[in-house]
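Bear in mind that the values here come from a model prediction, so they are computed numbers and not experimental data.
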Amino acid sequence: AEVMHIKVPIKENDIPQARENPFDRLLKPFRLDPAIINPEPDYFTAPFSKQRQELYLINNPETFFSPSTRNRIVYYILSRCKYTHEDGKRKLGIKRLLNNGTYTAAYPLHDCRYWKKSHDSKSDNERYTLYKRWARFGQFYKEQPLNLIRKYYGEKIGIYFAWLGFYTEMLGIAGAVGFLCFLYGCITKDGNVWSDEICDAEIGGRIIMCPLCERCDFWRLNTTCQSTKNSHLFDNAATLFFAVFMGIWVTLFLELWKRRQAKLEYEWDLVDFEEEQQQLQIRPEYEAKCSHHKKNPVTQELEPYIPISNQAFRCVLSGATVLFWIFLILICIIAVIVYRLSMYASFAKITVNMKDVKYIGTLFTPQMVTSVTASILNFIIIMTLNYFYERVAIWITDLEIPKTHFEYENRLTMKMFLFQFVNYYSSCFYVAFFKGKFMGYPGKYNLMFGSWRSEECDPGGCLIELTTQLTIIMAGKQIWGNIQESLVPWIKNWWVSRNARHHPERLYSRWEQDHDLQDMGQFGLFYEYLEMVIQFGFVTLFVASFPLAPVLALLNNIIEIRVDAWKFITQFRRPMAAKAHSIGIWQQILNTVAIFSVVTNAFIVAFTSDMIPRLVYKYAYSVNDAQPMKGYINNSLSIASTYFLTNRDQLNGSILSCRYKDYRYPSGHSSEYRHTMQFWHILAAKMAFIIIMEHVVFLVKFSIAALIPDVPSDVKARIKREKYLTQKILHEYELNKLRETLAGTGNVVVNKEVSAQAEKVELLSEEL
């Protein structure tokens, strides 16, 4: 305990608690029993020292250290125990013994079965309490017993559930605003002029569109009526408002979390906690694999190290492996694009028949069918690549031999996040920023791989397809994740313990019961963070295309908290406790995603939605003051001659021209098929919008971040007060100890030392 600088109580906290908020009574139904929320009193603490044992409040030596602290101490000792020498190398640590098969498992025990209390009267039955008050889904509306979680599992797991709970609370605000924006789209769905023009048989029914593929037939614009109306649910005036709102929301979330985190640091005695106490200690694996030693300039002790040439080789090999897997993802994305192009042509030929001028249907167009099937295929590829890359990432991180636990976690985190960022979001980036943007024009279409025309967006825009892509991947990931997290461990545990689970306790001991549970492993909490951060990316990066993303995330997280709690309590062995004063490198990743989200949403509003072209038409090109959007659809479609068609003889010969979505001069014009001035006006408006939106949102974002202090003022005051009182108590203790030791000696030097100590105490009292 002394080596690990573990803090222990020296006096009960006498700082008055904050005044009760009048609104707390309204939240009473969501509160838990105070005995569960605060399972033990609040104390002033100081680092443990063997010379000061009588100073500490040791009511019971067996329970002086909390269960999670005892677990940390035992694991610290076991991880550094030397057990043999082999070939001149030290063999040390329980982890090495586990890896070579000497032991099959090493884990702290649960204190009881989760569904009933222990027969041991000394047991606190905290597992049972957590199951009843936290892990059951019926408690989904209740607050989490964070202090009890921390006491039983340690601060690292406690801080994860605190962050997850706070994130879920903030999603409630984003979800409410997003739902209102979606509701606005539903209300105005049947009242927008451009959708009515497409659906009108006299307007959209008379507009003949150019074939969707080389061997396809003409089709009528009003066949996309339903998909255009559906697109308006997300592509409306509220889209811009919600994109700006989410840029501010994400800043508030991150800044308010820092304040919440600072409060937890104070309450959990982590204010002076330094990561190096645990995370920056040298890993046993590093010590075992290092054959070189050098003197530490600070401690003047020999420490193991790896030569720079060896480190460089390992880093190059690791980087090459990561790049190879990212390249593999891009190949898979290209394969999905090829699928989209080939199936797009097939669906277009099946669903469009100009001879009978049949309507395609109310729900599916060739674009929509292709988008849905490609999204499902892409989701399957994503999950398959994830399965293999997770193992590769761990292997290459082990290959690098990071020196400390902190380095190991950070390197693995960056590798996994970089891969999953490309894996999950690349298809969404394709639909948002590339699909339909490089089409060419009739007679000179841009061909991909020399065979397929690039995909076109619906006349209503690509935003609805981005929404479809986002919904399938996001919802599919969340559903699959919850099934994988809950059902798989349950089946494994049921199979392992099917014969022994009903045996009496005397025949089925506690260590045997826990051995039959699943091992959370070193990366259990890492995967939980990764899952939520990827979800955070979906909620922020593409939220302009799908205002309901925060709602889906909110519903998922309400379930996620209880699923994770149920899994930790009932299906997993008790993990080794660990301290943490923050969410670590994940905070930096969240900040990066938050900044990047402002840029992506600005580009989505400008280039993926049709908001800017509609505004330019309304204020610059409309000639109808009473209905400024009337004629927009006709204005947004260019005219092409049908002579460019290679299979024109097989089509309706009476059709001499067709329409396509672009702003180009018609055939026969002196500037035939070149972009019109309106195209350049729209492009300038898009670029101006991006610059203005980014600067406004960034200005508000950084202003909010500067105005909101990371640590609340009351917490700062309480920290200073506690430090002062703790220092005073320690000084008084040392003074009294010195007086007792040297009483009656008559030593003048000693009396001077006592006087000096007394003066320090008096100075502290004056400061108070």
Salt bridge (Lys or Arg N to Asp or Glu O under 4.0 Å) between Asp196 and Lys229: does it pass, once the steps are laid out?
CA-CA 9 Å; Asp196 292 340; Lys229 286 184 174 292; 3.7 Å; yes
Residues Asp710, Arg260; criterion salt bridge (Lys or Arg N to Asp or Glu O under 4.0 Å); working and verdict
CA-CA 9 Å; Asp710 293 347; Arg260 173 67 173 142; over 6 Å; no
Side chain to side chain contact (heavy atoms under 4.5 Å, CB included) evaluation trace for Phe137 with Val563:
CA-CA 8 Å; Phe137 188 74; Val563 168; over 6 Å; no
Show your working on side chain to side chain donor-acceptor pair (under 3.5 Å) between Arg659 and Asn634 and close with a plain yes or no.
CA-CA 9 Å; Arg659 310 294 293 273; Asn634 185 62; 3.1 Å; yes
Between Leu254 and Asn591, does a side chain to side chain contact (heavy atoms under 4.5 Å, CB included) hold up when you go through it step by step?
CA-CA 8 Å; Leu254 294 174; Asn591 287 330; 3.1 Å; yes
Given ring-ring contact (aromatic ring centres under 6.0 Å, His included), test Phe603 with Phe607 step by step and report yes or no.
CA-CA 6 Å; Phe603 272 84; Phe607 286 98; 5.8 Å; yes
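Annotation: cation-pi pair Arg136/Trp566 absent, no NZ/CZ under 6.0 Å from the ring centroid and within 45° of its normal. By the 6.0 Å and 45° rule, Lys477 stacks over the aromatic ring of Tyr424.
The two atoms that bring Ala243 and Asn601 nearest to each other are CB-CB, 4.3 Å, heavy atoms only.
In summary, of the residues considered (Lys618, Arg614, Gln627), a side-chain contact (heavy atoms from CB on, under 4.5 Å) with Tyr632 occurs for Arg614 alone. Just one residue in the list Tyr167, Tyr160, Phe417 forms a ring-ring contact (aromatic ring centres under 6.0 Å, His included) with Tyr529, and that residue is Tyr160.
Electrostatic pairing of Arg259 and Glu255 does not count as a salt bridge here, judged by no charged N lying under 4.0 Å from a carboxylate O. Ionic pairing of Lys630 and Asp625 is not present here: no N-O contact between side-chain nitrogen and carboxylate oxygen is shorter than 4.0 angstrom. Using a 4.0 Å cut-off between a side-chain N of Lys or Arg and a carboxylate O of Asp or Glu, Glu143 and Arg133 do not qualify as a salt bridge.
Aromatic ring orientation, Phe538 versus Phe542: tilted (interplanar angle from 30° to 60°). Ring planes of Phe161 and Phe568: perpendicular class, angle over 60° (limits at 30 and 60°).
No more than 12 heavy atoms of other residues, nucleotides or ligands lie within 6.0 Å of CZ in Phe434, so this atom counts as exposed by the packing criterion. Counting heavy-atom neighbours within 6.0 Å of Phe429 CZ, excluding the residue itself, gives a total above 12. For Lys142, the NZ atom counts as densely surrounded, since its 6.0 Å shell holds more than 12 non-hydrogen atoms of other residues, nucleotides or ligands.
Formation of a donor-acceptor pair under 3.5 Å by the Trp163 side chain with backbone atoms of Ile583 is not found in this model.
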